[in-house]
Amino acid sequence: MYGAIVDLDGTVYRGGELLPGSKTGIATLREAGFDVLFFSNNPIKDGVAYAESLSEMGIPVTPDETCSSGVVTTDYLTREHADDEILCLGAECLREQLLSAGLALTDDPERCDVLVASWTPEFAYGDMQNALDAVDDDTIFLGTDPDRTVPMDDGAMPGSGAIIGAVAAAVGRDPDAILGKPSEVAVEVALDRLDVPAHQCLVVGDRLDTDIAMGERVGMTTALVLTGVTDYADLATSDYRPDYVLEGLSDVETVLAELDE
Ligand SMILES: [Mg+2]
């Protein structure tokens, strides 16, 4: 084992506050020789923003050691759609990431080659109209991440998945791809960064349908933490079976102990 994909929200921190023991858990992984990639499905921050916020919280990381659905989406569009015009129904921070990468954005549905749907607090009826006008049979329709909700201190708010679902209903078809965890594109980006094969990679996260689903599908070792959106009751009724269930990230040493045996 040489690589670890560690989720952020609900795993390392929650609502901007470090979770107890998460610093220790990261230190344990690093001391055991793991390269760590912090991977959030949040589409609005890039690697630089995550490196800054984690370092401020006392976990020093470089932008290369972080990834997000925004980074994966930007990376994918740069590789596959560099010459296409993109209509982005998403937050300004996501649009800025796409523009910084030299991608061409349009607000004109007639010119749209690729429609990207993502979280934005400003999602409105007009966005569904634009999507409906933009999408025909050969328009590529992408979503940044499937997260239906985003955990907040006092509950949750609708996430990208909710908006992608509304857009999909408006245009009458599912997206061609949703790019964050657990997608194949996300796996490729993460394993490429860590430079390990899937079976030498540990994924730690709080969501069964993204973190654990991704690891399970490609043969990573999976560890669910109970510090986020999933509790024992959710686990009991789920088809996903994480290899390990941890009370928190600090318990990752029990995983490492068993992997050594
Ligand atoms: Mg999470």
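Note that ligands are numbered from 1 as they come in the structure, with each ligand's atoms numbered from 1 the same way.
Taking Ile, Leu, Val, Met, Phe, Trp and Tyr as members and joining any whose side-chain heavy atoms lie under 4.5 Å apart, directly or through other members, the hydrophobic cluster of Leu226 also contains Leu208, Ile212, Leu224, Tyr232, Leu235, Tyr240, Val245.
The N, O or S atom of Asp9 lying closest to the Mg ion (ligand 1) is O. The N, O or S atom of Asp206 with the smallest distance to the Mg ion (ligand 1) is OD1. Closest to the Mg ion (ligand 1) among the N, O or S atoms of Asp7 is OD2.
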For a quick test of your reading: what N or O donor-acceptor pairs under 3.5 Å do the side chains of residues 123-134 make, sequence neighbours left out?
{"from": "Asp127", "atom 1": "OD2", "to": "Ala124", "atom 2": "N", "distance (Å)": "2.9"}
{"from": "Gln129", "atom 1": "NE2", "to": "Asp133", "atom 2": "OD1", "distance (Å)": "3.2"}

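Side chain of Thr222 to backbone of Val203: no donor-acceptor contact under 3.5 angstrom is found.
Using a cut-off of 2.8 Å, one finds that Asp211 contributes no N/O/S atom close to the Mg ion (ligand 1).
Ion pairing between Asp64 and Arg193 fails under the 4.0 Å rule for side-chain N and carboxylate O.
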